[in-house]
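One-based numbering, in listed order, for ligands and for the atoms of each.
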Amino acid sequence: MRYDFHMNDARTAPVIIGIAGGSGSGKTTVVRRLTASLGDAKVSVLEHDRYYRDRSDLRLEERAALNYDHPDSLETDLLVQHVKTLRSGEPIQAPQYDFARHNRLDTFDTVQPRTAIIVEGILIFADAPLRALMDVKVFVDADDDTRFIRRLQRDITERGRTVQSVIDQYLGSVKPMHLEFVEPSKRYADIIVPRGGHNDVAIEMLLTLARGLVARG
Ligand SMILES: Nc1ncnc2c1ncn2[C@@H]1O[C@H](COP(=O)(O)OP(=O)(O)O)[C@@H](O)[C@H]1O
Ligand SMILES: O=c1ccn([C@@H]2O[C@H](COP(=O)(O)O)[C@@H](O)[C@H]2O)c(=O)[nH]1
């Protein structure tokens, strides 16, 4: 079978796979399965989350009150530049982000150019220049209540939040921004994975596609 998408047949550039979906939908789970299937040596992952803007100008309480689900909260231009750099075969310095303190760290991770570049995040399909770089666009879907429950558990155990703060943030910004920006961006997906990161049939099909693309690289 031949996969054309919008890429050249004589591929030398890496295949760029976008994994989008609402918060708690299972994106990270899908990325892990792709990485395990293709092999660490062939895959680099760039999380859009790394590119939340630096707001050291604000106090922690002020940063905690910001809307982190609007596209303007992210430095997407820098991510676009980094994806282009990786595509041209050069490594990049990806920013590190501290979710507990809602701020960029002043340390970076070196990300190497590899055969497959996975770009992951809630808002990656909401940005036209970023979308244009992707060869395959996957949207991981899950019911809103399921996503909220997962987020509640994750934010309390991993991101230092209280139950009330997760509820307030969800109702104040996560849910309205999801409806305004994330859900409508699903229309750009080539593949939609229903029921999140543990949908074995859908994920197996995605892995077969990805292995085929990487083998051509
Ligand atoms: N289909 C599923 N059924 C049950 N738990 C799931 C499923 N998909 C993901 N999870 C769990 O839900 C949590 C959030 O998934 P994750 O992949 O981190 O979401 P995201 O990266 O989209 O925020 C994780 O603890 C993960 O193990
Ligand atoms: O400082 C921050 C930055 C982001 N968030 C929230 O993170 C999620 C996106 O992460 P997922 O892993 O996709 O859930 C987004 O909904 C932001 O609300 C934050 O709380 N604080």
If you measure from atom 14 (C) of ligand 1 to every heavy atom of Arg150, Glu47, Arg151, which option wins on shortest distance? Arg150
Close-contact set for ligand 2 against Arg159 heavy atoms, below 4.0 Å: 6 (C), 7 (O), 8 (C), 10 (O), 12 (O)
Go through ligand 2 atom by atom and flag the ones less than 4.0 Å from a non-hydrogen atom of Asp69. 15 (C), 16 (O), 17 (C), 18 (O)
Protein heavy-atom contact under 4.0 Å for atom 24 (C) of ligand 1? no
Nearest neighbour in protein (non-hydrogen) for atom 5 (N) of ligand 2: Tyr68 CB, 3.8 Å
Proximal candidate to atom 1 (O) of ligand 2 [heavy atom criterion; set Tyr97, Tyr170, Tyr52]: Tyr97
What atoms of ligand 1 come closer than 4.0 angstrom to any heavy atom of Gly22? 22 (O)
Option with minimal heavy-atom separation from atom 15 (O) of ligand 1, where the choices are Pro194, Gly26, Ala142: Gly26
Rounded distance [0.5 Å steps], CG in Asp144 versus CZ in Arg151: 12.5 Å
Would you say Arg101 touches ligand 2, if touching means a heavy atom closer than 4.0 Å? no
Distance-only N or O hit between ligand 1 and Ser23, under 3.5 Å: no
Going by heavy atoms, is Arg154 under 4.0 Å from ligand 2? yes
If the cut-off is 4.0 Å to any non-hydrogen atom of Gln169, which atoms of ligand 2 fall inside it? 18 (O), 19 (C), 20 (O)
My question is simple, although I want it checked carefully: is atom 20 (P) of ligand 1 less than 4.0 angstrom from any protein heavy atom? yes
Any donor-acceptor N/O pair, Tyr52 side chain to Tyr68 backbone, under 3.5 Å: yes
Short list, please: which atoms of ligand 1 are under 4.0 Å from a heavy atom of Arg154? 23 (O)
Any donor-acceptor N/O pair, Asp143 side chain to Asp145 backbone, under 3.5 Å: no
Glu204/Arg211 ion pair, N-O < 4.0 Å: yes
Can you list the atoms of ligand 2 that are under 4.0 Å from a heavy atom of Lys27? 13 (O)
About how many Å separate CG of Asn199 and CD1 of Ile192, when rounded to the nearest 0.5 Å? 12.0 Å
Between Asp98 (side chain only) and Asn103 (backbone N and O only), is there a donor and an acceptor less than 3.5 Å apart? no
Heavy atom of Gly21, distance to ligand 1 below 4.0 Å: no
If you measure from CZ on Arg33 to CG on Leu38, what distance do you get to the nearest 0.5 Å? 12.5 Å
Would you confirm whether Ser25, through its side chain, and Ala142, through its main-chain N or O, come within 3.5 Å as a donor-acceptor pair? no
Going by distance only, is there an N or O of Asn103 that falls short of 3.5 Å from an N or O of ligand 2? no
Looking at Gly197, which atoms of ligand 1 are within less than 4.0 Å of one of its heavy atoms? 1 (N), 8 (N)
Aromatic centroids of Phe125 and Tyr188 separated by under 6.0 Å: no
Is the closest basic N to carboxylate O distance between Asp168 and Arg161 below 4.0 Å? no
Roughly how far apart are Ile16 CD1 and Arg87 CZ, rounded to 0.5 Å? 5.5 Å
Protein contact to atom 21 (N) of ligand 2 [nearest heavy atom, distance to 0.1 Å]: His102 ND1, 3.0 Å
Looking only at heavy atoms of Glu47, does any of them come nearer than 4.0 Å to an atom of ligand 2? no
To which protein heavy atom is atom 14 (O) of ligand 2 closest, and what is the distance rounded to 0.1 Å? Ser23 OG, 2.6 Å
Should the proximity of Arg195 to ligand 1, defined as any heavy atom under 4.0 Å, be assigned to the side chain, the backbone, both, or neither? backbone
Exercise: do Ser173 and His70 side chains pair donor with acceptor under 3.5 Å: no
Which residue and atom name correspond to the protein heavy atom nearest atom 17 (O) of ligand 1, and how close is it? Thr29 OG1, 2.7 Å
Can you tell me the protein heavy atom closest to atom 9 (C) of ligand 2 and the distance? Asp49 OD1, 3.8 Å
May I ask you to decide if the ring planes of Phe99 and Tyr97 are parallel, tilted or perpendicular, using 30° and 60° as cut-offs? perpendicular
Can you tell me if Arg151 contacts ligand 2 (heavy atom of the residue under 4.0 Å from the ligand)? yes
Are a donor atom and an acceptor atom from the side chains of Asn67 and Ser73 found within less than 3.5 Å of each other? no
Determine whether any heavy atom of Arg161 lies closer than 4.0 Å to an atom of ligand 2. yes
Does Arg187 use its side chain to pair, donor to acceptor, with the backbone of Pro184 at less than 3.5 Å? yes
Would you call Lys42 and Asp40 a salt bridge, taking side-chain N to carboxylate O under 4.0 Å as the test? no
Ligand 2 to Ile122, heavy atom cutoff 4.0 Å, flagged ligand atoms 13 (O), 15 (C), 16 (O)
